[in-house]
Amino acid sequence: DCWGVFAGACSCILYSLPIATYALVRYVEAIDASIVEPSFELPAWCDLGTTLVIHADVCILGLIVQLFWSSRRSDRLWKLTPVPCINRIGRYIFWISLLAVKCWMSLKIFHAIAEETVTLDLVRLGRQPLRELALVWNSPAWGAAVMEYVLLWTFSFFLFVADTGVWYQVGCTLLGVAFILTRRSQFALERSIYKIPGRFSKKVFPHSARSAGTGQVSAYFPMMWDRIMEQMRCEDKCDAEAQRSQSFNVRCQSENSAAAPAAEGGLTVVSSNLSHSATMVTSGTPTDTDSECSSDTSLQVPEMFVKGNLITNMSMSITPGFTPGSEMRWRVKSIARCLAMPLPRPFRAPYIPGLTVLIPHLKEDILAMKKDLFDTTQPGVPLIDWVKARYTSEYDLFITRMQSTDAWQDMPNNINDWGSYTDEQWEGIAMWASMRLQTLWRTVAGISLYHAVLQSHFEAQCDDSSALAKESIWSPSDCFTCLVSMQLYRTFNDVQLKQTNRMLSKFPDSLKIAYIDYVDKNISAEADALHPRQRRRYFSCLIDKHCPMVPANRAAPISPNSAGVRTPQRPSGQEETFRRAPSLKIELPGFPILGDGKSDNQNHAVPFMRGTFCQCIDSNQGAYFEQMLLLPCVLGEFRTSERGGNEAKRIIGLPEHITSDFGSIGDFAAGAELAFGTVLQRSHAVLGARLHYGHPDIMNKQYMMQQGGVSKATKTLNLSEDIFAGMD
């Protein structure tokens, strides 16, 4: 259009002005030296000093335009994200300060190089008179000096451009430190763990009832904290004594009282009702004036929630259950730091928007087995020995916990005598190891905690006036789906099918599995306009725990039982030969694997994703229950000032805690992940240049579908959502 032509012409003029003004400077110099005769009369003000000033001003103007005005506005697809004025001013100050320091240091270096050129008696191009150039330009000595001069200044200019990244990293480091100090005011002297009850009640449970003693703490917090401690106990992060000492120990006499989490295989269903514990707290009277938590005779306040002085705060490592370096200590401090930051107002149940967590799976282990952990036919150290050495304290806690069961009463005297354990005991050991290795079971167990988290929010602060809040109406599965995309489920062997069926029966009904199925072409292929060279018809299929069982070599489901109930039919001794029939089936236009595999495995499952938002997780990741309680707050980041506003965020970045830092290579990879995916991104967010890693970021599913999916099927370019959410 005309505006584009005009803008292009102005850009050409702006870029040509420095060359024109430099030519004018040399022309005026030649006239003053009487080397050339003026072809036209110059104005009286056009002397050498004035032209030098004009040349400098034009160069500075061009630099400012390049820094602050984009020359590619035609490529902009959306309007820029609105930025508060104070943030914009801060970004300008950052870049001006950064470039000023860089230029100041560069001028110092350039001045030293210029002095060296004088010392070495090198030719200084651009500063020799034209009369002298006319005499020596064809001299070999002059040519050699020019070559040295050009090489010296070429490398100097290259370093001047290259060190911009170094100065940027230094600036981001200082900015990140300042940002954290600002966000965590007084964090050095503040005991943030002591303030967990008040902050959790205010930011995570703002709609729940308050305790009778103080109006600051939710009446549901003691029971919620007990759930967190139960979770850590069942994960073998602490012993029973540490759990009791750091819990409120709410005693529920009702039949619907909180049930302890499952002892093995991950925690998917925690407590079922918080109302009784809330009644206990609201009816109690405070007994500890130095605590934020109110309690009655049936409640004890954990020592970490009792206010102390600075000496007590610094010596918190001797508190029971908080041994230095323990994961339990790190997790409690991590949730305390999160609650100290500004959090958006959480969604209130049952109005929580839909979220689907997508887990791609190819050939990763679903569960660790005895033959993988302890194989007497293979030389070397068994894998179970390495896992036990890596998690020695957790294994000791696991043994202590399992000794209370009947199956573990008869244990070998030597706990390292792996061949003496029974098959039933080995099943528990394999499950314990699976929760510490990179298995699909560990990932699904962690992600399924969303189900328990949403149920906890519903019990603590649901809107009772809503019709959805009536009994047996709302379920966490209505707004949460854990979708595992098993690309090779069609070709699973008996062991994999058995483990998959066990996983479906273990976890809530929010767990779904999508896979790619295929059949040979039939007589209707030509009528359906299939390509002649296509040998099979491919389908995206969805199964869950309610789908009926079918034999591995059949496609039709088994008939319901005599009562008409649609339950899986598993003949005795033949469970491993059965798979589940799909409840939904979508035909694909052809062979679905076009790229590196993972991206297609994710995108074919997108039609089965429910809700507005999606989260992509690798099958070697896990989750923490206490961190997942902040899910309604995270979803609150997608809110707009008004319904349907254009300023809605498309993607929200979340940090990762890498646990697979085994060896020097693993430790380096974990450090790089932390530096790039968490620390550096916080500085980038302040500068408006956030580069999302992809997982475990939460994305607007509708927006990502408009971009071609959460991944791109481009070989060697976009493997998956790992690279900036697969965006072009």
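All residue numbers refer to positions in the sequence shown, counting from 1.
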Could you work out, with side chain to side chain donor-acceptor pair (under 3.5 Å) as the rule, every residue matching Ser472, not counting sequence neighbours? none
Ser334: what forms a side chain to side chain donor-acceptor pair (under 3.5 Å) with it, not counting sequence neighbours? Gln627
Under the side-chain contact (heavy atoms from CB on, under 4.5 Å) test, which residues partner [X], sequence neighbours left out?
| X | value |
| --- | --- |
| Arg442 | Met435, Thr439, Thr659 |
| Cys479 | Ile352, Leu454, Trp474 |
| Arg639 | Arg345, Phe347 |
| Ala605 | Leu358, Leu483, Ser485, Ala514 |

Walk me through whether Trp225 and Phe305 qualify under ring pair (Phe, Tyr, Trp, His ring centres under 6.0 Å). CA-CA 11 Å; Trp225 186 257; Phe305 295 149; 5.0 Å; yes
What residues, two or more places apart in sequence or in another chain, satisfy salt bridge (Lys or Arg N to Asp or Glu O under 4.0 Å) together with [X]?
| X | answer |
| --- | --- |
| Lys202 | none |
| Glu637 | Lys649 |
| Asp365 | none |

Could you go through the side-chain hydrogen bond (donor to acceptor under 3.5 Å, both in side chains) check for Gln461 and His457 one step at a time? CA-CA 6 Å; Gln461 54 179 359; His457 278 272; 3.2 Å; yes
Check ring pair (Phe, Tyr, Trp, His ring centres under 6.0 Å) between [X] and all other residues, then give those that pass, not counting sequence neighbours.
| X | result |
| --- | --- |
| Phe480 | Tyr450 |
| Phe638 | Phe613 |
| His361 | none |

Strictly distance-based, threshold 3.5 Å: is any side-chain N or O of Thr405 a donor or acceptor partner for the main-chain N or O of Met402? yes
